[in-house]
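First the structure, then my questions, so here it is.
So you know, we letter chains A, B, ... as the sequences are listed, proteins then strands, and number each from 1. Owing to the predicted nature of the structure, the values given are computational and were not obtained by experimental measurement. When reading the values below, keep in mind they use all heavy atoms of this one structure, side chains included, and skip hydrogens, waters and symmetry mates.
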Amino acid sequence: MTVRVRYAPSPTGHQHIGGARTALYDLIFAKSLGGEFVLRIEDTDQERSKLEYEESMLEDFKWLGLEFDEGPHKPKNHGPYRQSERIDLYKELAMQLVSENKAYPCFLSSAELEELTAKAEGEKKAPHAYHDKYASLDPAEAKARMDKGDEYVIRFRNPQKEVKFTDMVRGEVKFFPDMVGDFVILRANGFPVYNFCCVVDDWKMEITHAFRSEEHLNNSLRQILLYEAFNAKMPTFAHLSMLVGEDRKKLSKRHGATSVRQYKDQHYLPAALLNYLCLLGWSHPKEQDIFNVFDLVEGFDASRFNKSPALYDIQKLNFFNEQHLRALSEEDLLAHALEALPEESKFRNQPLEWQNKCLSVFKEKMQLITELDELTAVLFKEGASDEEDYKEAMSWETTPKIQEYIKAELQKLSSAGTPFATEELVGEWMNYLKKELGIKGKPLFMGARACLTGQAHGPDLKGIVALTPLEILLSRF
RNA sequence: GCUCCCAUCGUCUAGCCUGGUCUAGGACACCGCCUUUUCACGGCGGUAACAGGGGUUCGAAUCCCCUUGGGAGUACCA
C-alpha cells in the first residue's frame, strides 16, 4: 500500500512556522517511504477562511522548497482538495450515520444550548453533560421537524466507551469517554465540523499517516469513534510536541515572528529555517546539527521524536542562518545578497569581482544577509564615527605618523589613477609602519583602521580597505 | 470538575525501550584563554541539568508508584 501523508492547514492566516515544521516531517517521512505528500485545505470555517491565505501558504511552501504531490493546485484522483468543495460528501455520510442510528438531529437553539451548558457547569458537570437532549427523539418526529424547516444540527451518538490507539510519538494513548459528549458533526448552516471532515477526508483520500501538533491529541478520541462508526481504518498518527514561546504557552502571534512569511521577508535562508525547525522535537541520529533537511529522506528515523514541548528560540535560528550562509557557494551567496539588498544599496553598482570579494570579507560577520547593507554602507561613508574608541585611537601619539604616511601613499595611488588599493599594498604599508616606524600591535592596527575607515572596529582591515574606493579613503584624511 | 499529554544544563537536546561503560555527552547563549600583531573567524577551556519523594534492584537519569509543576482539550474553531 502506498504511503500517503497529508498536511491539512486552515487558510485563516499566513503559514505558521509550527505548521511548516509539521509539513516538513510529513514530506520527509512520506518521501523516505517512497510515498505521496498531499495538501488538503480545511476551509469549513467560512468566516475565517480566505482563498488569499491559501495562495499565500502555497507561496511560502514554494519558498521553503516543500513540494506537494497533490493538492488544490495540483489535483490528482483524490480530489477535490478543498473541504468547502466536498460538502455534499460530508452531508451524505452524516445522513448515512443518522439512518444507521449512529447520529441524530438535534433541535437545540443556541440560547437553549447555552442554558444547558451553564446548568451543567453550575452542577460541576462536564459542559456537554446535557447536550444530548434530543438523543432519543422519535425518528419520525425528527423527520417531520426537519421537513417542516426547523433548524437542526447533526450530533454523533457517542457510544461512551473507552478507546485507545497507538501514536507514533507517544506510544499507546487511552481515553475515557466522559471527555466529550454527543458532539456536533454537521452545523446548522449545513457545514460539517473539523473532526468530522477530517475523518471523512483521511479515509476517502486514503491517507495512511498524519503528523499534527499535540494540541490535536484529544481530538483523536472523537475521530476514533467516527472511524469505528464508519468501519474505516484510521491512519497512523504522530502527535508532535508543541512549539511554545518564552512563557511556555503555545507559540502564537504575540510571541513575535511566527509566520513563515516574516522570515521570508527578512531574507532568512529557507534551508536554515527548515534545519532549525527540524531539530525542534526531533534529533539527528548522529547528533548533527547543521545539515540539509532533504538529505534526511534517505532513511528518516521516525522514532527520534521528542515528546516534550520545545521553546522556539530565535537566537538559535540566527545561528543556523549564519552557518548556512557560510556554507553557500560564491554564486549562491551573491544571488542571495542581490535579492535581499535594497534597490539603493551601493553594493549593486560595483563590479562582480568587487561584490564577491566583499561577500567573502563580510561573510563571517553576518547572521543575516540583510546585515550586509549596513556593513557595506560603512565602506562608503565619508568622515569619521564619534564613538569613544575612535577618538581614543586618534589621540595616540603614534597615530599622526600613521596618518601622514598613509595619506602620502594614497595620494601616490590617486595620481597614478588607481581606483582601489589592494590587500597586498595595505599589507606593505603595515609592514613599513611596523619596521620603519616601530609601531606595532594595537596602536598600529587600530590606529591605521581609525585613519583609513573612520571607525575603531570592523572586519578584516586589509579586506575592507581594498573594498573602499580610493576617493572615499582620501576623504577621511 | 473531568480527560489527555509532558518533566535531563537558561534554551534545543543525547542517553531512557534493551538498568552498570553517565563523577550525564553535544549544540545555542554566556564567560575566560590562545591564535605572525586590531576586529572577526577559528581553536581550547569554563559555568550550568537528571523536579521531589517512595519503591524494585547488588546497582536507576534509565523500570514502577505517588506528589508537585507545566501544557492541551472538554465549541455549530481548526
Side-chain angles (χ1 to χ4, degrees), chain A residues 8-10 12 42-45 47-49 83 106 108 110 113 117 120-121 123-129 131 151-155 167 169-171 173-181 183-195 197-198 212-222 239 241-242 244 246 248-250 276 279-290 303-304 306-313 315-320 326 361-366 389 393 430 434 439-450 455-461 463-464:
Chain A
S10 296
T12 56
E42 308 221 323
D43 56 351
T44 53
D45 184 343
E47 322 260 282
R48 297 197 299 143
S49 300
Q83 291 186 328
C106 161
L108 244 26
S110 52
L113 194 63
T117 307
E121 271 164 7
E123 293 169 14
K124 298 245 173 214
K125 289 184 178 171
H128 52 74
H131 288 187
E151 202 167 77
Y152 66 94
V153 300
I154 302 295
R155 282 184 187 274
D167 185 272
V169 178
R170 279 150 221 286
V173 179
K174 235 193 306 191
F175 295 104
F176 290 89
D178 37 349
M179 202 168 113
V180 293
F183 55 91
V184 172
I185 55 176
L186 210 63
R187 289 184 259 239
N189 66 5
F191 263 59
V193 124
Y194 165 72
N195 279 303
C197 15
C198 184
R212 39 145 82 143
S213 171
E214 192 202 317
E215 63 200 275
H216 287 285
L217 190 55
N218 292 296
N219 283 325
S220 304
L221 169 59
R222 300 178 201 220
H239 287 93
S241 59
M242 265 191 318
V244 299
E246 293 284 350
R248 292 259 148 212
K249 299 254 166 73
K250 194 162 85 179
Y276 174 63
L279 253 12
L280 249 27
W282 181 85
S283 61
H284 194 282
K286 290 182 186 147
E287 290 200 55
Q288 228 172 301
D289 33 40
I290 307 296
S303 73
R304 299 191 64 83
N306 192 304
K307 294 187 256 205
S308 40
L311 193 145
Y312 182 76
D313 178 12
Q315 203 172 32
K316 194 156 181 176
L317 168 63
N318 289 343
F319 167 79
F320 274 74
R326 282 187 209 168
V361 169
F362 287 142
K363 188 152 87 162
E364 247 96 272
K365 279 215 75 139
M366 297 184 291
D389 289 351
M430 302 308 275
K434 186 176 171 185
I439 310 169
K440 58 182 179 178
K442 197 170 168 180
L444 170 61
F445 268 78
M446 210 185 270
R449 178 185 296 280
Q455 311 278 317
H457 306 282
D460 177 65
L461 183 60
I464 75 169

> When all nucleic acid strands are considered with a 4.0 Å heavy-atom cut-off, which category describes A:Leu108: base, sugar-phosphate, or nothing?
Replying inline: base
> So what does A:Lys363 touch, heavy atoms closer than 4.0 Å: a base, only the sugar-phosphate, or nothing?
Replying inline: nothing
>> Students often get this wrong, so: under 4.0 angstrom with heavy atoms, is A:Glu215 touching a base, only sugar-phosphate, or nothing?
In response: sugar-phosphate
>> Give me the distance, rounded to whole Å, that separates B:C9 from B:A49 when you measure between the C1' atoms they each carry.
In response: 4 Å
> Do any N or O atoms from the side chain of A:Tyr312 and from the backbone of A:Leu317 form a donor-acceptor pair under 3.5 angstrom?
Replying inline: no
> Taking the C1' atom of each, how far is B:A48 from B:U11, in whole Å?
Replying inline: 12 Å
> From the list B:U37, B:A72, B:C6, which nucleotide is the closest neighbour of the side chain of A:Leu444?
Replying inline: B:U37
> For the pair made of CG in A:Asn218 and P in B:G71, what is the distance, rounded to whole Å?
Replying inline: 15 Å
> Base, sugar-phosphate, or nothing for A:Ser303, non-hydrogen atoms under 4.0 angstrom?
Replying inline: nothing
>> Quick check for you: among B:A72, B:C5, B:U38, whose closest atom lies nearest to any side-chain atom of A:Val173?
In response: B:C5
>> So A:Ile185 and A:Arg222, do their side chains get closer than 4.5 Å, heavy atoms only?
In response: no
>> Say we look at B:C6 and B:G10: how far apart would their P atoms be, to the nearest angstrom?
In response: 22 Å
> CE of A:Met242 versus P of B:A7: gap in Å, rounded?
Replying inline: 13 Å
>> For B:U74, give the paired nucleotide (Watson-Crick: N1-N3 plus N6-O4 or O6-N4; G-U: N1-O2 and O6-N3; both under 3.5 Å), or none.
In response: B:G1
> Hey, does A:Gly447 reach any base, or is it just sugar-phosphate, or nothing, if we go heavy atoms under 4.0 Å?
Replying inline: nothing
> Of the nucleotides B:C4, B:C12, B:C76, which one has an atom closest to the side chain of A:Val184?
Replying inline: B:C76
> Counting only Watson-Crick or G-U wobble pairs whose two distances fall under 3.5 Å, which nucleotide matches B:U35?
Replying inline: none
>> Can you tell me which nucleotide in B:A72, B:G1, B:C28 comes closest to the side chain of A:Pro127?
In response: B:G1
>> With a 3.5 Å limit on both atom pairs, tell me what B:G19 is paired to, counting Watson-Crick and G-U wobble, or say none.
In response: none
>> Does B:C6 have its OP1 or OP2 closer than 4.0 Å to a side-chain nitrogen or oxygen of A:Lys307?
In response: yes
> Between B:C76, B:U38, B:A72, which nucleotide has the shortest distance from any of its atoms to the side chain of A:Leu113?
Replying inline: B:C76
>> Expressed as a whole number of angstroms, how long is the span from A:Leu279:CG to B:G26:P?
In response: 16 Å
> Is any side-chain N or O of A:Lys316 under 3.5 Å from a base N or O of B:C12, one able to act as donor and the other as acceptor?
Replying inline: yes
>> Below the 4.0 Å mark, does B:G42 have OP1 or OP2 next to a side-chain nitrogen or oxygen of A:Arg326?
In response: yes
> Distance between the P atoms of B:C41 and B:C30, in whole angstroms?
Replying inline: 10 Å
> Short question: side chain of A:Ser10, backbone of A:Glu42 - any donor-acceptor pair under 3.5 Å?
Replying inline: yes
> Quick one: on RNA chain B, does A:Lys365 or A:Ala126 contact a more 5' nucleotide (nearest heavy atom)?
Replying inline: A:Ala126
> Which part of the nucleic acid, if any, lies within contact of A:Val193, taking any heavy atom under 4.0 Å across all strands shown: a base, the sugar-phosphate backbone alone, or nothing?
Replying inline: sugar-phosphate
>> Can you say whether a donor on the side chain of A:Glu287 sits under 3.5 Å from an acceptor on the base of B:G25, or the other way round?
In response: yes
> Separation of A:Phe319 atom CZ from B:G42 atom P, in whole Å?
Replying inline: 8 Å
>> In this structure, how many angstroms lie between the C1' atom of B:G26 and the NE2 atom of A:His284, rounded?
In response: 13 Å
> Do A:Phe445 and A:Met430 come close enough that some side-chain heavy atom pair is under 4.5 Å?
Replying inline: yes
>> Does B:C6 have OP1 or OP2 under 4.0 Å away from a side-chain N or O of A:Asn306?
In response: no
> Do any N or O atoms from the side chain of A:His239 and from the backbone of A:Lys307 form a donor-acceptor pair under 3.5 angstrom?
Replying inline: no
> Contact class for A:Arg449 (heavy atom, under 4.0 Å): base, sugar-phosphate, or nothing?
Replying inline: base
>> In whole Å, measure the gap between the C1' atoms of B:U8 and B:C22 for me.
In response: 12 Å
>> Return the pairing partner of B:A48 with a 3.5 Å limit on both distances, Watson-Crick or G-U wobble; otherwise return none.
In response: none
>> For a 4.5 angstrom cut-off between non-hydrogen side-chain atoms, does A:Phe191 reach A:Asp43?
In response: no
> Contact class for A:His216 vs. all strands (heavy atom < 4.0 Å): base, sugar-phosphate, or nothing?
Replying inline: base
>> Given B:C12, B:A29, B:U38, identify the nucleotide with an atom nearest to the side chain of A:Met446.
In response: B:U38
> Which nucleotide, in any strand shown, forms a Watson-Crick or G-U wobble pair with B:A7, with both distances under 3.5 Å?
Replying inline: B:U68
> Which of these nucleotides, B:U13, B:G73, B:A27, is closest to any side-chain atom of A:Ala310?
Replying inline: B:U13
> According to the Watson-Crick and G-U wobble definitions, with both distances under 3.5 Å, which nucleotide is paired to B:C63?
Replying inline: B:G55
>> Contact between A:Asp313 and A:Tyr276 at the side-chain level, heavy atoms closer than 4.5 Å - yes or no?
In response: yes
>> Of the listed nucleotides (B:C76, B:A78, B:A29), which one gets closest to any side-chain atom of A:Glu42?
In response: B:A78
>> For a quick check of understanding: with a heavy-atom distance under 4.0 Å over all strands, which category does A:Arg212 fall into, base, sugar-phosphate or nothing?
In response: nothing
> What nucleic acid atoms does A:Tyr194 come within less than 4.0 Å of, heavy atoms only: base, sugar-phosphate, or nothing?
Replying inline: base
>> I'd like the P distance from B:A75 over to B:U56, given in whole Å.
In response: 44 Å
> Below 3.5 Å, does any donor atom in the side chain of A:Asn219 face an acceptor in the base of B:A78, or the other way round?
Replying inline: yes
>> Tell me which nucleotide, if any, is Watson-Crick or G-U wobble paired with B:C41 when both distances must be under 3.5 Å.
In response: none
>> Need one value for A:Asn318: base, sugar-phosphate or nothing, where a base atom within 4.0 Å counts as base even if backbone is also close, heavy atoms only.
In response: nothing
>> A quick test of your reading: do over 12 heavy atoms of other residues, nucleotides or ligands sit less than 6.0 Å from CD of A:Glu123?
In response: yes
> Out of B:A14, B:C5, B:A27, which nucleotide sits closest to the side chain of A:Ser283?
Replying inline: B:A14
>> Please report the distance separating the C1' of B:C63 from the corresponding atom of B:G15, rounded so that it comes out in whole Å.
In response: 15 Å
>> Using the side-chain heavy atoms of A:Asp460, tell me which of these nucleotides is nearest: B:G26, B:G71, B:U38.
In response: B:U38
> Rounding to the closest angstrom, what is the interatomic distance between B:A7 and B:C16 at atom P?
Replying inline: 14 Å
> Hey, is CD on A:Gln288 packed in by over 12 heavy atoms from elsewhere, all under 6.0 Å?
Replying inline: yes
